[in-house]
Structure formats: C-alpha cells, structure tokens
Asker: 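Once you've had a glance at the structure underneath, I'll fire off some questions.
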Amino acid sequence: MKKWLRPALDLALLAALVAAPLYLSAYHLSLLGRFLAMAILSLGLCLVWGWSGVLSLGQGVFWGLGAYVLVMHLKLVGLQPGDMPDFMLWSGLDHTPGWWTLFRHPAVALAGVLIVPTVAAAGLAWLVFNRRVGGIYFALITQALALAFATLLISEQAYTGGFNGLTDFTTVLGHYIVDPSFQRALYWITVGALAAAFLFCRWMGKTNFGKVLLAIRDGESRIRFLGYNPAGYKTIAFAIGGAFAGISGALYVLHVGVISPAMVGVMPSIEMVVAVAVGGRSSFTGVILGTLLVNFGKDWISSAMPEMWQLSIGLLFILVVTLLPKGLAGIPELGRQITERIRRRTARRGVEPEVLAITQKN
Amino acid sequence: MQNALLSVENITVSFDGFNALDGISLRLMPTSIRVLIGPNGAGKSTLLDTVIGNVRPTKGRIVFRGEDITELNEYKIVRRGICRKFQAPGILENLSVLDNLSLAARPRRESWRSFGVGIDSSVRARVERVLERIGLEEKRHTMAGQLSHGQKQWLEIGMVVSSHADLLLLDEPAAGMSLDESAQTAELIRSLASDHSFLVIDHDMTFVEQLSAPVSVMHMGRMLKEGTLEEIQRDPQVIAVYLGREKEEAVA
C-alpha cells in the first residue's frame, strides 16, 4: 500500500463520522454513536489481545464499572435535596451510602469513570501476571470475573438496582439528555474520544513499549531472557484496556439511557471479543470497522430474527477464525496474495507457447 | 587466584527424584570460552537453564561477579549481565532486525521507562557495531521472520551480545548450519571473546575444534572431564561414554 493511502483512508473515515449528523436520521445517529463508544473498548482490547496476546473475556466488567460510576452520578444529580434514589427506598434503605454520594460531584464522577476501571484492571493483571498465569487460564479467570460481577450486581439490589439496573436519569451537567442538540454534541464527543484513543494507540504502537508488547505476544520467554519483565508490560497494557473500556461504558450509557447486569456479563464480553476478531485483532482501524459491522449486524439481525443473533455471532466467529484469521484488516493482504497468484499463473501460461515454438524448431 | 566471572558451586537439580545435575561445579574466567559437550541427557541444557534462573537448583549456589544469583528472577539475572541463546532461534519474527537488536540493547528495560519513540543514539551506535559484527548490515530493515536459518542464529547471537551481558550462554549456536556458516559462527564467537565470556554447548566436533577453547565433558549430570579438545579426545573414559558412540554412529 502507498504510504499516504493509510492516513488518507483514516482521515476520510474520520470526516465521514464527523459529518454523520448531516446525512443520518436521529435514530441511526444514536445507533452509530453507541457503536462508536463500543469501538473505544475495542481499541483497548486490540492493545490487550492483538498486541500483547492476552485474551480477556471479561472486558464487560471494566466497561460496566465505567458505566455504573457515571450512572451513580446521574442518579444523584437528578434528586431533590434530601431525596434518595428510588430503588434504594423500595429496598428499604434509610440513607444513601457514602460510596454512592462520593460521585455526586461531576469532577469526582469523571475521575471515577477513568480511575475505577483502570485500578481494577491493573490490580487483577498485576496479581495474575506476576504469578506467571497467562494464556487460556487468564481468559478463564476474566470470564469468571464477568460472571461474578453480573451476579454481584443482581444480588445487591439495594445498592445497584439489581437485575433491572439503573435508568431514569434525565440531565447531564444541566442538559436534558433527550434534547437533540445534546444528542448531537454527545455524538461528536464520542467521535472525539474515539479519535483520541485511536491516536493514542497509534503512538503506543511506535514506542518501545509497543514493540515489547508485540515481542511478548510472539515470544514471551525470549523477551524475559533479554531482561524484560513481561508482567509489568502486560499490566500496563491491561490497565489501558480497562481505562478504554470504562470510558466506552460511560459514553455508551449516555447514548442508551440505561445500564443493567445483562449488559456487562459473559455474553456481552464475548461479543466484544468477536467484534475485535472480525475487525482483525491487531489492527486499530480494523477493530473499529469490525465493531461497527458486528454491532450494526446485531441490530439488524436481532430486529429481523431475534432468536438468530447468538447463533449468527457464533457462526461469524468460526468463519473469521478459520477463513480470515486477520479479520477485515487482513483482506488487503489476502487480495494481494490472490492477484499475485493469478499473475504468476498467467505469466507461466504466457511462457509456454514460446517454449513450445523453440522445441518445435529444434 | 584470579576472580572468576561465573562460579557454579556444587549444583544439584532434581526432577521427581532424578538428578538431572548431580553436584556440578564450574568456574569461568572473564573473556574466556568454555565448551560443554556430552551425550544427550547429560544435563548440559539444564546447567544453562540453572545459571539463567529458568530452573531452580535443589542444592548448591551460583555466583556471578561475586554476587549470589541463585534465587534471582530470570530478568534480574539478565540485568546483572548474563544472557542466554536457546537452541531454536528465539528471535522476534514480527519485528525488524534493527528492532530486535535495539530491544536487546536498551539499557532501561522497565515497562514504565519504555514510552519513548525511536532509538537512542547510544543504543543505535551499539546496534550498528553488532550489525557489522554479525554481518547483517544489509538486512537491518528486514523482518526477522524472513531471514534464513543461519542469519536467524546470528541475529540471536547479536541480540545476546547487544544485551550488555558479559557472560553469554549459547545452546548449539551452529545447529542446522552449513559447514561455511558454522565456521563463520565459530570465528564470530572467537572475535567476541575479546570482551565477553562464553559457555557454549555443541555436538559438532569440527565446530568445537574451531572454537579452540577448553572443553568440559558432562555425563549423567556430572562433570566427567575437563581439558583441551585433544586431551579429551584421547581420554578413554570420554571415548567410552561419548566420543566412541559418535564414531560408531558415524560408521553406521
């Protein structure tokens, strides 16, 4: 590919996204907005899985932490002085717990959206990777964590809203969420956050840190015997993945207006991984496109044939892994290989008549 | 007595009651080469694994430059100045030759100090010297995975050399090489020995001869004999357990 083509394509994609409010209906803009929010999580998963080789089946946990922290804030600011969130009253609590009211201030809530998932991800990664647990075992641990997190949210109904989750919040920093101008602003904020995350990943890929991550993916013991401690690198990468997931969850919940345990458990976490696999797990542009494709596909299939969605995502995953291991991002390479093969075959055919002529002459 | 760079003191390694190493001792002086030979299963690779911290000894201790390193983590041992090359080329296939060497040559290898972009000038200079020594100057921008087998082995030797290590452990560096490449590898190791020490495992007697260095013969986890290659080759015990068998195989 020509050197200017990649940035040109990225810029064209960005321009198309920024201009989307001009040509999309409010409904489709809202869909695109939430899927772009998901793409931020995918970029983090790209660093964690595609670059460091650490498969996480529990990104929903960090996504959910970001979402719940923001919603706690939104629930609190919607209250009259002295009031309590409705579900707490119904559950018989007599006051709002301190770790809830902590997030009343918008700055604390914003910091919480970043810090809570990041610290959770870093803590988990540090504990596990320092014990040299990795690969499939880490994937299983994260999956168990996703299950435990969703179960905990359901069982602690008085503090989390239980199975139904948290909803009914109307204002963000004094703006009505349903207001079309706020929706448009929210959309652009999401695009901006995604662009920032993308540039961060690109920069990361160029640093020595990024190269060590690739090296860990391809040969963890080699890099250890060059004096690097993979645990530190993987922990930082996983913490970044957690931070991205938290931001993604917070933005998503603003787009959809509800958060519930069903959105953070095992199945959503697996869908996140499938989207990244479809896009091509180590390509930043690829995972963004993969996330959009899988989520729009999900929206379309689950409204046309609701029972088919889980089946089709499984099928999609099998197809991608077997036929297109590098995902969407691998298509240009595949195309090059095929044209090269065709060119070689026609070239061979072109030679044959001459050879024939020479042998006949002799 | 001059201070040894590496001193392996009475090391025993047991796996489920089987002694892979059985009271091995070895002293290596600065800027010297020592070759380890012996039949398969003699414990040569296990000895290298133990020095680098990949395998923990059940008994004995390992002293490097006067410091006891027996209990240190691998990456910490590497930062003290020991580096190991494995038998199969352990290069980073998806990075360029230059990136492979510069990752090895970076003096600061902690994760939180790795957020710079590009290669420091001091690292760059070091890498250029190594590139020249391993003869891969023309290949610097090639992906390491696309190198030939011999070039991969040289690249890995280059990585081990760039790593600021004073003691280099090489496990069959000439395995799978042509005669020519093997001779070049021996020459490379000898030239590097002016400022590094080497502990080299190999089976190929031609290659061992080209290294012209003292040889230690291992057998069943013990040190059987130490001496020059000539002395070793005349030793009846060594012939019985190792060289004799090689000859029989050669005849067959």
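Just so we're on the same page: letters track the sequence lines, and every chain starts at 1.
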Asker: Got a sec: does the CD of B/E132 have more than 12 other heavy atoms crowding it under 6.0 Å?
Answerer: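 At most 12 heavy atoms, drawn from other residues, nucleotides or ligands, come within 6.0 Å of this atom.
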Asker: If I compare all heavy atoms of A/W203 with all of B/V117, which pair ends up nearest, and what's the gap?
Answerer: NE1-CG2, 3.6 Å
Asker: Tell me if the CZ atom of A/R131 is crowded by more than 12 foreign heavy atoms within 6.0 Å.
Answerer: no
Asker: Where does B/L95 contact chain A at under 4.5 Å (heavy atoms): side chain, backbone, both or neither?
Answerer: side chain
Asker: Does the side chain of A/Y228 come under 3.5 Å of the side chain of B/S114 through a donor N or O and an acceptor N or O?
Answerer: no
Asker: As an exercise, state the distance from CG of A/N130 to CG of B/N73, rounded to the nearest 0.5 Å.
Answerer: 8.5 Å
Asker: Heavy-atom distance under 4.5 Å to chain A: side chain of B/D99, backbone, both or neither?
Answerer: side chain
Asker: Does a side-chain heavy-atom distance below 4.5 Å link A/R217 with B/N94?
Answerer: yes
Asker: Mind ranking B/R106, B/K85, B/K76 by heavy-atom pairs under 4.5 Å with chain A and telling me who comes out on top?
Answerer: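 Ranked by contacts with chain A, first place is B/R106.
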Asker: Chain B: which of A/A215, A/G219, A/G210 shares the most heavy-atom pairs with it under 4.5 Å?
Answerer: A/A215
Asker: Sort A/D218 into side chain, backbone, both or neither according to what part of it lies under 4.5 angstrom from a heavy atom of chain B.
Answerer: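 For A/D218, side-chain heavy atoms alone lie under 4.5 Å from chain B.
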Asker: Determine whether more than 12 heavy atoms belonging to other residues, nucleotides or ligands lie under 6.0 Å from atom CD of A/E340.
Answerer: yes
Asker: Under a 4.0 Å N-O cut-off, is there an ion pair linking A/R132 with B/E74?
Answerer: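 Between B/E74 and A/R132 there is a salt bridge, with a charged N closer than 4.0 Å to a carboxylate O.
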Asker: Would you compute the distance between atom OG of B/S111 and atom CG of A/L213 and round it to the nearest 0.5 angstrom?
Answerer: 10.0 Å
Asker: Between A/F225 and B/F86, is the ring centre distance below 6.0 Å?
Answerer: yes
Asker: Could you grab the distance from atom CZ of A/F209 to atom CZ of B/R113, nearest 0.5 Å is fine?
Answerer: 14.5 Å
Asker: Quick one: does A/R222's side chain get under 4.5 Å of B/I91's, heavy atoms only?
Answerer: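 A/R222 does not reach B/I91 side chain to side chain.
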Asker: Got a sec: does the NZ of B/K139 have more than 12 other heavy atoms crowding it under 6.0 Å?
Answerer: no
Asker: Can you give me the closest heavy-atom contact between A/L226 and B/M159, atom names plus distance?
Answerer: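 Closest pair (atom of A/L226, atom of B/M159, distance): CD1-CE, 3.7 Å.
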Asker: At their closest point, which heavy atom of A/I223 faces which heavy atom of B/L92, and how far apart are they?
Answerer: CD1-CD1, 4.2 Å
Asker: Are the side chains of A/I236 and B/F115 in touch, meaning some heavy atoms are under 4.5 Å apart?
Answerer: yes
Asker: Enter the distance from A/R224:CZ to B/N54:CG here, rounded to the nearest 0.5 Å.
Answerer: 8.0 Å
Asker: Under 4.5 Å heavy-atom distance to chain A, tell me which part of B/E110 shows up: side chain, backbone, both or neither.
Answerer: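 Just its backbone gets close to chain A.
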Asker: Determine the minimum heavy-atom distance between A/G227 and B/V78, stating which atoms define it.
Answerer: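 Heavy atoms only, the tightest pair is N-CG1, 3.2 Å.
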